[in-house]
Trainee: 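To start, I am sharing the structure in question, which I have written as structure tokens.
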Amino acid sequence: MKKAAALAAIEHVQSGWVVGIGTGSTANHFIDALARIKGKIDGAVASSNATAERLKKHGIAVLDLNATGDLPLYVDGADEATRHRHLIKGGGGALTREKIVAAACKKFICIADESKLVDTLGKFPLPVEVVPMARSLVARKIVELGGDPVWRQGFTTDNGNIILDVHNLNILNPVELEGQLDHLTGVVTNGLFARRPADLLLFGGSQGVRSI
Ligand code: 5RP
């Protein structure tokens, strides 16, 4: 189902484009499919070191976002998505670079299997990337906001930071919560993608690929 969604996204890639690429198992299907048409594109911008490595293994040029300017297309997976195209991302810990690439793209296509479609975000613990010295401070502030933060021990992001996975949030206003979390001192990014939602969701399912 993930692969079917990834293959559907390939149809949106146009000649001469530099494509932003997400992180995770669904994004990996997209990378593998992109490799088959690599002569068509000018290169890719990676949202993580793992994605950069996979692109390079396929012989796809990995470019620096500082040199490319805005991107015509960004394709990435998600941990949860609603019909409003709001997302939770960051299960793989790449949320900050993913949000940077999303902010720099004209079109953001989210690819996923249909199990990721939810009515309300928050069953999947919300990842928050935090500067290490602020871990306890930010955790206390998150408790005040009604969440239960759990330190993802043994994990360091590509940016040298830690992740707090916030449980037990029933996220009724993702745009507002995204802003509240980003304003906590010590928070680098949170995994809500609501202020800049996806433009198109492609869900692989038993009946084929469904677009929202
Ligand atoms: C990584 C992400 C991924 O897109 C998300 O975790 C989904 O992963 P998968 O495609 O493996 O289900 O946000 O930080």
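Both ligands and their constituent atoms are indexed starting at 1 by order of listing.
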Trainee: Just to verify, which of Leu201, Ile109, Leu202 counts as forming a side chain to side chain contact (heavy atoms under 4.5 Å, CB included) with Ser211?
Mentor: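 Of the listed residues Leu201, Ile109, Leu202, the side chain to side chain contact (heavy atoms under 4.5 Å, CB included) partner of Ser211 is Leu202.
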Trainee: Got a list of side-chain donor-acceptor pairs under 3.5 Å for residues 35-43, not counting sequence neighbours?
Mentor:
residue : atom : partner : partner atom : Å
Lys38   : NZ   : His58   : O            : 2.8
Lys40   : NZ   : Val13   : O            : 3.1

Trainee: Looking at every non-hydrogen atom in both residues, tell me the closest pair between Leu95 and Thr189 and how far apart they are.
Mentor: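 Scanning both residues, the minimum pair turns out to be CD1-O, 3.8 Å.
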Trainee: For ligand 1, give me the residues whose heavy-atom distance to it is below 4.0 Å, by chain and number please.
Mentor: Lys2, Thr23, Gly24, Ser25, Thr26, Asp76, Gly77, Ala78, Asp79, Lys89, Gly90, Gly91, Gly92, Gly93, Ala94, Glu98, Lys116
Trainee: Considering residues, nucleotides and ligands other than Arg196, do more than 12 of their heavy atoms fall under 6.0 Å from its CZ?
Mentor: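 Check passes, neighbour count above 12.
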Trainee: In Å and rounded to the nearest 0.5 Å, what is the CE to OG distance from Met1 to Ser115?
Mentor: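 If I round to the nearest 0.5 Å, the distance is 8.5 Å.
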Trainee: To the nearest 0.5 Å, how far apart are CD in Glu178 and CG in Asn173?
Mentor: 10.5 Å
